[in-house]
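Naming convention: chains lettered A, B, ... in sequence-line order (proteins, then strands); numbering from 1 in each chain.
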Amino acid sequence: MDLTRKLPRAFYNRPTCQVAIDLLGRRLVRAGPDGLRAGRIVETEAYVGPDDRASHASRGRTARTSIMFGPPGYAYVYFIYGQHYCLNAVTEPEGFPAAVLIRALEPEASVPGRTDGPGRLCRALGIDRSLNGADLTGAWLWIEEGDRPCEAPLPPEQLATGRRIGVDYAGEWAARPWRFCLRGSRWVSLPRPAEVPAPASMNAR
DNA sequence: TGCCGGATCCTG
DNA sequence: AGGATCCGGCAA
């Protein structure tokens, strides 16, 4: 079975935690000047709506965050700490600001350097500001089915969850278990989440 | 216009 | 544990 079909826009037009979980095991592909670079997504985080204090969109619609308010299936790439780029996939219907941060990949052939961590994976795949707003169903940066058909959900026993990283300033929002990892993957960034079942509050808004 | 702090990573 | 180092957001 050929699992190299690009995920369609409708894939991203769903509740963000659901998309974040369903992105695990998919293949992120970058078509750059040096050819294709790809990796299997093993870690994600959900940033959900205007009330999520950990989300850039919580300060409202600005030049930087406008992409998060736009239609689903586009890349939101931002620059942080004067050094690093981070890649997100925009989710949910236009007007509702939400995205999934891609935090780690299992590297595939011809990927140089480490891919555990959102900054490292962008460096390894050659992802920078020029890809902000890129169509994730397009020709330069896309996500394929990977481990399983588009419509097949992640088997629940493969999921590990934890609190989001680096957002302790966000109060109670930092404690929400909106970080998602492939259970047992050696490619997940540190600190690894406790490997316990996902609580029901996962889909809470 | 200036200042503060960040969805990170590397070094010591 | 602390520094790097740019830029966005907000106050003035």
Outermost DNA chain C nucleotides near chain A [under 4.0 Å, heavy atoms]: C:dA4 to C:dC10
Could you tell me whether A:R179 contacts a base, only the sugar-phosphate backbone, or nothing, with contacts defined as non-hydrogen atoms closer than 4.0 Å? nothing
Any donor and acceptor pair, going by atom type alone, linking the side chain of A:S189 with main-chain N or O of A:G117 inside 3.5 Å? no
Please work out the stems of DNA chain B from pairs that are Watson-Crick or G-U wobble with both distances under 3.5 Å, keeping only runs of three or more consecutive pairs. B:1-6 with C:6-11, B:8-11 with C:1-4
Are A:R14 and A:F11 in a cation-pi contact, defined as NZ or CZ under 6.0 Å from the six-membered ring centre and within 45° of the axis? yes
Between A:A31 and A:W142, what is the shortest heavy-atom contact and its length? CB-CZ3, 3.8 Å
Short side-chain to backbone donor-acceptor contact, A:N132 and A:V77, under 3.5 Å: yes
Could you list all the salt bridge (Lys or Arg N to Asp or Glu O under 4.0 Å) pairs where at least one residue sits in residues 104-113 of chain A, not counting sequence neighbours? A:R27-A:E108, A:R40-A:E106
Quick test of your reading: applying salt bridge (Lys or Arg N to Asp or Glu O under 4.0 Å), list the pairs with at least one residue in residues 54-83 of chain A, sequence neighbours left out, ordered by first then second residue. none
Is A:R103 positioned over the aromatic face of A:F180, cation under 6.0 angstrom from the ring centre and no more than 45 degrees off axis? no
Taking only the P atom of each, what is the distance from B:dG2 to C:dT5 in whole angstrom? 22 Å
Are A:L7 and A:I102 connected, step by step, through hydrophobic side chains (Ile, Leu, Val, Met, Phe, Trp, Tyr) whose heavy atoms are closer than 4.5 Å? yes
Hey, does A:E45 reach any base, or is it just sugar-phosphate, or nothing, if we go heavy atoms under 4.0 Å? nothing
Under 4.0 Å between any heavy atoms, over every strand shown, what does A:R120 touch: base, sugar-phosphate, or nothing? Just pick one. sugar-phosphate
Could you give the start and end, 5' to 3', of the contact zone on DNA chain B for chain A, using atoms under 4.0 Å from its heavy atoms? B:dG6 to B:dC10
Give me each pair satisfying side-chain hydrogen bond (donor to acceptor under 3.5 Å, both in side chains) with a member in residues 65-75 of chain A, each pair once, sequence neighbours excluded. A:T62-A:T65
Classify A:F79 by what it touches in the nucleic acid, base, sugar-phosphate, or nothing, heavy-atom distance under 4.0 Å. sugar-phosphate
Validation row, ring centre A:Y78 to ring centre A:H56 under 6.0 Å: yes
Do A:E144 and A:T4 meet the criterion of a side-chain donor-acceptor pair at a distance under 3.5 Å? no
Touch class at under 4.0 angstrom, heavy-atom based, for A:R129 against every strand present: sugar-phosphate
